[in-house]
Amino acid sequence: MQKNYDHKLYEEEIIKKWDESGAFKAKVGVAKKPYTIVLPPPNASGKMHTGNVLMIAIEDILIRWHRMKGETALWIPGTDHAGTETQITFERELKKQGKSRFNFNREDFYKEVWTFVQGNKLLVEAQIRRMGASVDWSRNKFTLDEDVVSLVCKTFEKLNNDGLVYRGDYMVNYCPNCGTTYADIEIDHIERTDPLYYIKYGPFVLATVRPETKFGDTAVAVNPADSRYKEWIGKEIEVEGLSGKFKLKVIGDEFVDPEFGTGVVKVTPAHDPNDYEMGKRHGLATIKVIGLNGKLTEVAGKYAGLSVFTARKQVVEDLMAKGLIEKVDEKYSHTVSVCKAGHDVEPTILPNWFIKIDSLRKPALDAVKEGKVKIYPKWRSLTYVRWMENMHDWAISRQNIWGIRIPAWYNSKANQDLMVSFINSQGAVVKGQISNLLKDYPLVDIKSGLQTLIAPAGANYEISIKEPGEDYLQETDTFDTWFSSGQWPLATLGYPDSEDFKYFYPTSVLETGWEILSKWVSRMMMLGIYLTGTPPFKDVYLHGIVRALDGRKMSKSLENIINPEEYIKEFGVDALRMGLVAGTANGKDFAFPRDRVIGYKKFANKLWNVARFIEPITPKPNSVDNEDDQKILDELNEVIKKVNLYLEKFRFAEVAELIYEFIWHRFADIYIERVKNRKEEAAGTLRHVLMNCLKLFHPFMPFVTEAIWQEIFPEQGMLVSQRWPE
RNA sequence: GGUCGCGUAGCGCAGCUGGUUAGCGCACCGCAUUCACAUUGCGGGGGUCACUGGUUCGAAUCCAGUCGCGACCACCA
């Protein structure tokens, strides 16, 4: 053995040995207890980040521990296609080449992204392997694998048969820049200062930040208890507008805060979530002012075709000129919705696909309330309960190409008003209503060049995995990625009738970052119970988010992103994994613990040198234990007991500290120092304690422990397959 | 506005269902060193556990309130 442990000499080689041994391949059917974890699939197009490292470290600890305990431990790896994110990344690449997604038909674009993702996917998989993750690669899955797609489509079909799918106009967060809708949880709310305009509206004055939407106003609302305006409720007012006079109804609605502005609100049901709700309550018409391209529609008269911001400027100028603006509050601070790319999101009405969640939510909520599924740390389960209680129907369609296409079909003859855009045989983009397009083009051409299709809310459709007939066009929307990843535990285990599914389902632990508790965990719960009657996991362990060294969130703009690769190179995988695991104790967010990473690199070396001390000692035959020997053995047994206890409670940091303290300070500093003059006599105890320490610490620092094991106990085979000390 | 969490040594934190002199890492100070390890060893300083009140034989730990900080959810045009 060399004087110091050099991780670079061992890590790659040990991974190869583990691979060759097949130790991570789980076999079904033996009379053993199954222990299953499904790896939350990292983005196939991204790079491994520190959060992924922590996740892998924790799950690897659990899996290696249970494997050594003699259970059939299965850890299923996989990668996620990450719909919107990947598509945006790819489109950025396209832009550099002077292209956009509008240069492609749907099918070709999909193929392009597929190719783009494949390379990255391999890199991510290599990184998972590099982390020492003891996953079963023979069961590796990608969220767009054929069997996954098939399951997801079948589930959708089943939901539809159960009457849980509907299509409807719905207020969505539409980003004209990205050309897609976002779920509520995908958008951010940021503080911003915008001018608040006080506009004369017939007999009233009302405040708004969005004067350009006034063309979509279908009422004016006041609080029913507001004595100033009470008498107006139910009456019509005449308003002097930019294109002449028009009439509006006055409604009374509790939503209106008499204290804010003038206590009068213009109601624009097509472009504001609250107004939309009010519109529903009062049966108001919805008039679309902003189109899907982010520009004003024909109803805006001369402002049609202008972008929202230009239109706003124009409208304000013209209102000023007409004397219709009473005053402007330039310092009005409010929150606006933006997408992940930072664009303003337009609340817009679009036909979308929905799932009724009432019947799905109840059992998913009860499972946690009744303790059938336990969430750690416990206080996080409150977040889950609150979220589930407030959940709305789930919009599962996305106007993305990169994803699982919704298996719904529109008959082109029965639905004359489908809006279609496609690339014709000359390579030109053609848009229009299907009934008109069919006069000039055969349906086959439209089908092969299809880009997007928007069917009105009332369109006739059929849900079918296969094309129902020649006259049909398939929906161009794809599923929300959380709809497909919500079935991940089932998809990876080959639901419904594989041997894996029967043996390994439900999985043991779902381990992930708390930030996707509502996005992902809740959906897996709902869909898992819906399909199988059983929650997809018994325990949920939520780790904290790894922040930057300064304790702030990692972000590109702050330039504080920590690249795990650098740490792996300098300190080794073991040290990085261990540092992260020991740095988080109770599921709270925490700053990247650089000090600990360094500390555990030193620890790896300490352990190495303990072994190096013990290795050359030849045991004396018939040696008897003395007091020191007995003491260290007792202490070891105490540690073993505690380690098991802590691991059962997911208290990884405590285990780390405990074993670290035991090996370094009790075993090395005290015991070894004391036996130096009777080494040969103590050899048996020395080897015994070392052996058990290696086992105990193997799940945490798999490389250095395996490396030492191979040096000292090669006759025993590999450490990965050793029996856990009980 | 709603919800959750945090405030313990200079810094970063642990202390789970209350129990002897409150711990860990880093930093700091002194000493040692041909020994398995300088990626080392031995020793040391440093805290009225945010504040106020309560429960208790006993509170950093439980309860109430106050102040400060953070996160998530919602959104008043």
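Side chains included, hydrogens not; waters and symmetry mates left out as well; all remaining heavy atoms used. Below, chain A is the first sequence line, B the second, and so on; all start at residue 1. For clarity, every value in this text was computed on a predicted model and none was experimentally measured.
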Considering residues at least two apart in sequence or located in another chain, which fulfil the side-chain hydrogen bond (donor to acceptor under 3.5 Å, both in side chains) criterion with A/D226? A/R228
Sequence neighbours left out, cut at 3.5 Å: what donor-acceptor pairs do the side chains of residues 659-666 of chain A make with other protein atoms?
residue, atom, partner, partner atom, Å
A/E661, OE1, A/R666, NE, 3.4
A/H665, ND1, A/D669, OD2, 2.9

Measure CG/A/L196 against P/B/rC75 and give the value in whole Å, please. 19 Å
Please classify the nucleic acid contact of A/K553 as base, sugar-phosphate, or nothing, using heavy-atom distances under 4.0 Å. sugar-phosphate
For the residue pair A/Y671 / A/D629, report whether a side-chain donor-acceptor contact shorter than 3.5 Å exists. yes
Scan A/A207 against the nucleic acid and name what it touches under 4.0 Å (heavy atoms): base, sugar-phosphate only, or nothing. base
Rounded distance in Å between the P positions of B/rG45 and B/rA14: 25 Å
Any stem touching RNA chain B, meaning at least three consecutive Watson-Crick or G-U pairs under 3.5 Å, ordered by first number, would be B:1-7 with B:67-73, B:10-13 with B:23-26, B:28-32 with B:40-44, B:50-54 with B:62-66
With sequence neighbours left out, write down each residue that passes salt bridge (Lys or Arg N to Asp or Glu O under 4.0 Å) with A/R612, or none if nothing qualifies. none
Could you name each residue pair satisfying ring pair (Phe, Tyr, Trp, His ring centres under 6.0 Å) that touches residues 684-705 of chain A, not counting sequence neighbours? A/W18-A/F703, A/F603-A/F697, A/F697-A/F700
Atom NE2 of A/H392 to atom P of B/rC73: distance rounded to whole Å? 13 Å
Got more than 12 heavy atoms from elsewhere within 6.0 Å of NZ, A/K538? yes
With respect to A/D550, which candidate in A/K553, A/R547, A/R552 satisfies the salt bridge (Lys or Arg N to Asp or Glu O under 4.0 Å) definition? A/R552
Residues at least two apart in sequence or cross-chain that pass salt bridge (Lys or Arg N to Asp or Glu O under 4.0 Å) with A/K266, listed by chain then number, are A/D217
RNA chain B contacts among residues 660-690 of chain A, heavy-atom distance under 4.0 Å: A/W664, A/A668, A/D669, A/I672, A/E673, A/K676
Could you work out the separation of B/rC62 and B/rG25 based on their C1' atoms and round it to a whole Å? 30 Å
Touch class at under 4.0 angstrom, heavy-atom based, for A/V267 against every strand present: nothing
Touch check for A/N274, heavy atoms < 4.0 angstrom, all strands: base, sugar-phosphate only, or nothing? sugar-phosphate
Pairing residues for A/E346 by the side-chain hydrogen bond (donor to acceptor under 3.5 Å, both in side chains) criterion, not counting sequence neighbours: A/R210
Going by the angle between their ring planes, with limits at 30° and 60°, are A/F713 and A/W709 parallel, tilted or perpendicular? tilted
Would you say A/R674 has more than 12 foreign heavy atoms packed within less than 6.0 Å of its CZ? no
Among residues at least two apart in sequence or on other chains, which ones pass salt bridge (Lys or Arg N to Asp or Glu O under 4.0 Å) with A/E673? A/K676
Numerically ordered, the residues 593-611 of chain A set in heavy-atom contact under 4.0 Å with RNA chain B is A/D595, A/R596, A/K601, A/K602, A/N605, A/K606, A/N609, A/V610
When the distance from CG of A/L647 to C1' of B/rC16 is rounded to whole Å, what number comes out? 15 Å
Going by salt bridge (Lys or Arg N to Asp or Glu O under 4.0 Å), name the pairs with one or both residues in residues 593-611 of chain A, residues two or more places apart or in two chains. none
Nucleotide N/O of nucleotides 1-10 of chain B paired with protein N/O under 3.5 Å:
none

